[in-house]
Amino acid sequence: MELHEKYNDFFVRCFNLILKRENEMLGQIDRSLSVTEIHVIESIAKAGGNNTSKEVAKLLRVSPGTLTTAIDTLCKKGYVAREKDGEDKRIIRLFLTEKGKSAHAVHMEFHKNMIDCILKDLSGSEAETLIVALEKLKNFLGEYHVES
């Protein structure tokens, strides 16, 4: 197998395994929670005080309309709450409920364990080399667009 094939096979397998393990982790929280929904929860947590739908949609790189659909579902499931801003009633802020905070904590522990596993036996320079390579991958994926 040539080097390109090995790398391609490696990345495809890693991506699929990450999704599989995330789904297994979600099963510990709530079988009805999707990977997309847990990432919405994560983005609300990351938004902190700037937790408007517009800002959370920007973090997720989705349209506000797409986010609204996910938020509606997460509100019904009890993970997210909407509240009008205290100063400007036109602004709706998104908050994690206790159930949402708990799901977020489990998800973050999964990611922490994954990164700890990767870094545990790497030297400082190896970890730096890895981040440089992964940054190149991220840049490619961020810039890659399928021509239609």
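For the single chain, residues carry numbers from 1 onward in sequence order.
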[atom1]/[X] to [atom2]/[Y] distance, rounded to the nearest 0.5 angstrom?
X      : Y      : atom1 : atom2 : result
Thr97  : Ile41  : OG1   : CD1   : 8.0 Å
Glu22  : Ile38  : CD    : CD1   : 8.5 Å
Arg61  : Thr66  : CZ    : OG1   : 15.0 Å
Lys136 : Ile131 : NZ    : CD1   : 12.5 Å
Asp85  : Arg93  : CG    : CZ    : 4.5 Å
Asp116 : Glu109 : CG    : CD    : 8.0 Å

Could you give all pairs that pass the ring-ring contact (aromatic ring centres under 6.0 Å, His included) test and reach [range], with sequence neighbours left out?
range          : result
residues 3-37  : none
residues 40-84 : none
residues 33-73 : His39-His107

Walk me through whether Leu33 and Leu74 qualify under side chain to side chain contact (heavy atoms under 4.5 Å, CB included). CA-CA 9 Å; Leu33 200 59; Leu74 288 167; 3.8 Å; yes
What about [X] and [Y], same hydrophobic cluster or not, with Ile/Leu/Val/Met/Phe/Trp/Tyr joined at side-chain heavy-atom distances under 4.5 Å?
X      : Y      : value
Phe140 : Leu3   : yes
Ile115 : Leu134 : yes
Val35  : Ile44  : yes

Pair Ser125-Ser123, side-chain donor/acceptor within less than 3.5 Å: yes
Do you know which two heavy atoms are closest between [X] and [Y], and how far apart they sit?
X      : Y      : answer
Asp121 : Glu126 : O-OE1, 4.0 Å
Asn51  : Ala47  : CA-CB, 3.9 Å
Met108 : Glu42  : CE-OE2, 3.3 Å

Would you say the side-chain atoms of Asn16 pair up with the backbone N or O of Val12, donor to acceptor, closer than 3.5 Å? yes
Within the distance-only criterion (no hydrogens, no angle test), does the side chain of Lys77 pair as donor or acceptor with the backbone N or O of Ser32 below 3.5 angstrom? yes
With sequence neighbours excluded, what pairs up with Asp72 under the side chain to side chain contact (heavy atoms under 4.5 Å, CB included) test? Thr68, Arg82
Who are the side chain to side chain contact (heavy atoms under 4.5 Å, CB included) partners of Leu67, not counting sequence neighbours? Val40, Ser53, Val56, Ala57, Leu60, Val62, Ile71, Leu94
Heavy-atom distance under 4.5 Å between the side chains of Met114 and Ile18, does that happen here? yes
Connected-component partners of Ile92 among ILVMFWY, side-chain separation under 4.5 Å: none
Does a salt bridge link Glu24 with Arg21, judged by any charged N lying under 4.0 Å from a carboxylate O? yes
